[in-house]
Amino acid sequence: MSINQWPAGERPREKLLQRGAGALSDAELLAIFLRTGCAGKSAVDLARELLGQFGGLRPLLEAPREAFCAGLGLGDAKYTQLAAVLEMARRHLGESLSAGDVLTNPDTVRRFLVAQLRHCQREVFALLLLDNQHRLIHYEPLFEGTLDSASVYPREVVKLVLQYNAAAVILAHNHPSGVAEPSQADRGITHKLIDALELVGVRVLDHMIVGDGSVTSFAERGLI
């Protein structure tokens with residue numbers, strides 16, 4: 001039976017309009033993105049098959065182009081559409097931060113950093129550069145390392161901060177292992193950067209570590 005023959009309340013598009021996107025399952029959301037199924041399969045059936053094949057929604061959305069396009073019913077057109085949607089989501093979160101005080105929007109900061117860093121296969125160290133009202137001026141992924149660590153150079157951090165005339169910063173990096181616990185190296189580089197930036201009158205407000213589904217805040221832990 002095609003989706004058009006389903007009861008109206010069970011069709012993904014109608015369900016979204018009536019109850020909101022949060023009421024839909026991963027398969028139903030993916031079915032809306034796919035728009036159509038294939039021979040003998042509705043869009044929802046195809047979505048369920050793809051989720052099983054890739055191991056879930058996140059692995060599907062983060063799959064490399066070659067792997068994504070090899071999926072049944074997928075291809076370059078869907079890949080470019082998906083890449084555009086994900087990039088719009090990242091930019092929307094960035095604009096949300098730019099419009100208000102970062103310190104009053106900790107959940108938005110977390111979502112932004114997860115969108116930027118969780119999918120990275122290597123450790124990436126980034127900066128959120130803020131003005132004197134703690135509004136986002138610029139986001140910069142500054143260093144990229146191996147699966148285990150990134151080399152962070154305080155001189156380069158100071159240089160970037162001065163370039164954008166930032167008044168404060170939030171440090172951020174990901175742990176590709178998925179565990180968001182701070183290491184001794186994380187603590188050490190944090191305090192080196194605090195000392196270096198203090199010399200130019202710039203405050204480090206926080207250091208956030210992005211893991212798999214969680215974000216650890218140094219400030220909330222009392223580590224800054």
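Every heavy atom of this structure was used, including side-chain atoms; hydrogens, water molecules and symmetry mates were not.
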Answer yes or no: is there a side-chain heavy-atom contact under 4.5 Å between L162 and V200?
-> yes
Side-chain contact, heavy-atom cut-off 4.5 Å: E14 with L17?
-> no
What are the two closest heavy atoms between L117 and A172, and how far apart are they?
-> CD1-CB, 4.2 Å
Taking side chain as C-beta onward, heavy atoms only, is E181 less than 4.5 Å from R221?
-> yes
Find out whether L199 and D195 are in side-chain contact, i.e. whether some heavy atom of one side chain is under 4.5 Å from a heavy atom of the other.
-> no
Student check: side-chain heavy atoms of R111 and D107 closer than 4.5 Å = yes
Should the ring pair Y153 and F143 be called parallel, tilted or perpendicular, given that the plane angle runs from 0 to 90° and is split at 30 and 60?
-> perpendicular
From E95 CD over to H92 NE2, what is the distance, rounded to the nearest 0.5 angstrom?
-> 8.5 Å
H173 and D186: side-chain donor and acceptor closer than 3.5 Å?
-> yes
What residues join L61 in its hydrophobic cluster, counting side-chain heavy atom gaps under 4.5 Å, either direct or through other members?
-> L30, F33, L34, L46, L50, L51, F54, L57, L60, F68, L72, L74, Y79, L82, L86
Measure from the side-chain N and O atoms of S214 to the backbone N and O of G211, and report whether any donor-acceptor pair falls under 3.5 Å.
-> no
Greater than 12 external heavy atoms within 6.0 Å of R91's CZ = no
Would V157 and L197 count as a side-chain contact (heavy atoms from CB on, under 4.5 Å) if you check the C-alpha gap in whole Å, the side-chain angles of each, and the deciding distance to 0.1 Å?
-> CA-CA 8 Å; V157 172; L197 290 168; 4.2 Å; yes
State plainly whether the residues D76 and R65 are in salt-bridge range, i.e. N to O under 4.0 Å.
-> yes
Residue pair I32, L24: steps toward the side-chain contact (heavy atoms from CB on, under 4.5 Å) verdict | CA-CA 10 Å; I32 291 175; L24 274 64; 3.5 Å; yes
With a cut-off of 6.0 Å (strictly less than), are more than 12 heavy atoms of other residues, nucleotides or ligands near CD of Q53?
-> yes
Joint hydrophobic cluster, L128 plus L142, side-chain heavy atoms closer than 4.5 Å = no
Smallest separation among heavy atoms of M208 and V215, with atom names = CB-CG1, 3.9 Å
What about V102 and V169, same hydrophobic cluster or not, with Ile/Leu/Val/Met/Phe/Trp/Tyr joined at side-chain heavy-atom distances under 4.5 Å?
-> no
Minimal non-hydrogen separation, P12 against V44, with atom names = CG-CG2, 3.8 Å
Is any side-chain heavy atom of E123 less than 4.5 Å from a side-chain heavy atom of E144?
-> no
Same cluster or not: are I189 and I224 linked, directly or through other Ile, Leu, Val, Met, Phe, Trp or Tyr residues, by side-chain heavy atoms under 4.5 angstrom apart?
-> yes
Carboxylate-amine/guanidinium proximity below 4.0 Å for R11 and E28 | no
Mind checking the CZ-CD spacing from R13 to Q18? Nearest 0.5 Å is all I need.
-> 14.0 Å
Quick check: are there more than 12 heavy atoms from other residues, nucleotides or ligands sitting under 6.0 Å from CZ of R90?
-> yes
Is a donor on one side and an acceptor on the other found under 3.5 Å between the side chain of N174 and the backbone of V124?
-> yes
Would you kindly confirm whether F125 and Y139 end up in one hydrophobic cluster when ILVMFWY residues are joined by side chain heavy atoms under 4.5 Å apart?
-> no
Is any side-chain heavy atom of V158 less than 4.5 Å from a side-chain heavy atom of V202?
-> no
R110, CZ: over 12 other non-hydrogen atoms inside 6.0 angstrom | yes
Are there more than 12 heavy atoms of other residues, nucleotides or ligands under 6.0 Å from atom NE2 of H119?
-> yes
Please name the pair of heavy atoms, one in G73 and one in K78, separated by the smallest distance, quoted to 0.1 Å.
-> O-CG, 4.2 Å
Is D131 reaching over with its side chain to a backbone N or O of A167, donor-acceptor style, under 3.5 angstrom?
-> no
Within one Ile-Leu-Val-Met-Phe-Trp-Tyr cluster: F218 and L129, side-chain cutoff 4.5 Å | yes
How many angstroms lie between atom CZ of R118 and atom NE2 of H175, to the nearest 0.5 angstrom?
-> 16.0 Å
Would you give the length of the straight line joining atom CG of L130 to atom CZ of R203, rounded to the nearest 0.5 angstrom?
-> 11.0 Å
Just wondering, do L127 and I170 contact through their side chains at under 4.5 Å, heavy atoms?
-> no
Distance-minimising heavy-atom pair for A31 and A47 = N-CB, 3.9 Å
Shortest non-hydrogen separation from A219 to D206 and the atoms involved | N-OD1, 2.8 Å
Would you call R48-D45 a salt bridge at under 4.0 Å N-O?
-> yes
If you measure from the Lys or Arg side-chain nitrogens to the Asp or Glu carboxylate oxygens, is any gap between D26 and R58 under 4.0 Å?
-> no
